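As the structure is a computational prediction, the values presented were derived from the model and not from experiment.
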Amino acid sequence: MLPTQVVYDPKGLVRQVIQTSQELKFTLLNIEEIDRLISKGLAYAEEVYRRVLRNELSFAQSQLDSLRWVLIQFDDYFQNSLPCSGFGSPSHFEQRGSKKLVEVLKLSYPLLEKSLILKALGELLRFYQSQVIKLYDTLPLKRNKQTDLDWIDSLLELCESI
């Protein structure tokens, strides 16, 4: 999926592999991985909220980062993009990511203050919610859409209540 430039291939082996691989079809995520990532995203978001309430703000920040990685993986999936440093990697994401997610991510690095972390979580959750809806609309997921959306809505309400 990425452009390839062969510098040295005297026997033509690399060129042959590249030509053969052009015919292969693959997806960046399968249904089971998407189901798992939706669960992980919800769990990370809930854990951010719990840690903020416990005043464990550094750990809450690390969980925000984990949630960001889930959003990046879904964005790569939607854009059929293969990152340079492994799937879901934030490496060069500013260049390959959707403009909207890049903007949301830029605003999601708050100081270690409860209200700012919850505000960042809310912004990430709103974007995550749109991704989850799109995933349900395009894929035959084995999850319950309403349960996932209700969980996101509950977390959004909690973020706004403090």
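In this structure, CZ on Phe74 lies 11.0 Å from OG on Ser130, to the nearest 0.5 angstrom. Expressed to the nearest 0.5 Å, how far CG of Leu121 lies from CD of Glu47 amounts to 11.5 Å. For the atom pair Gln16 CD and Lys11 NZ, the distance stands at 12.5 Å (nearest 0.5 Å). Of the inter-residue distances, the one linking Gln61 atom CD with Leu111 atom CG reads 8.5 Å to the nearest 0.5 angstrom. A distance of 7.5 Å separates OG1 in Thr138 from CD1 in Ile34, rounded to the nearest 0.5 Å. Remark: Asp35 CG to Leu135 CG distance equals 9.5 Å, nearest 0.5 Å.
The side-chain heavy atoms of Leu141 and Ile38, taken from C-beta on, include a pair separated by under 4.5 Å. Within the 4.5 Å cutoff, the side chain of Tyr8 has no heavy atoms near those of the Val14 side chain. Taking the side chain as every heavy atom from C-beta outward, Glu46 and Leu42 never approach each other to under 4.5 Å. Looking only at side-chain heavy atoms (C-beta outward), Asp153 and Leu155 stay at 4.5 Å or farther from each other. Taking 4.5 Å as the limit, every side-chain heavy atom of Leu105 sits out of range of all side-chain heavy atoms of Phe127. The closest side-chain heavy-atom distance from Leu71 to Leu124 is below 4.5 Å. Counting heavy atoms from C-beta on, the side chains of Tyr77 and Leu37 never come closer than 4.5 Å. Residues Arg143 and Ser39 meet the side-chain proximity criterion, which asks for heavy atoms closer than 4.5 Å.
Between Glu103 and Lys100 there is no salt bridge, since no side-chain nitrogen of the basic residue lies less than 4.0 Å from a carboxylate oxygen of the acidic one. Checked for salt-bridge contact, Asp148 and Lys145 miss the test: no charged N lies under 4.0 Å from a carboxylate O. For the pair Glu123 and Arg126, the salt-bridge criterion is met [side-chain N within less than 4.0 Å of a carboxylate O]. With respect to Glu56 and Arg50, no salt bridge is recorded, no charged nitrogen being found less than 4.0 Å from a carboxylate O.
Looking at Tyr109, its side chain never comes within 3.5 Å of a backbone N or O of Asp65 through a donor-acceptor pair. Asp75 places a side-chain N or O within donor-acceptor distance of the main-chain N or O of Ser98, the cut-off being under 3.5 Å. Counting only distance, with no hydrogens or angles, the side chain of Arg68 and the backbone of Ser108 share a donor-acceptor pair below 3.5 Å.
The heavy-atom pair separating Lys114 from Val52 by the smallest distance is CE-O, 3.4 Å.
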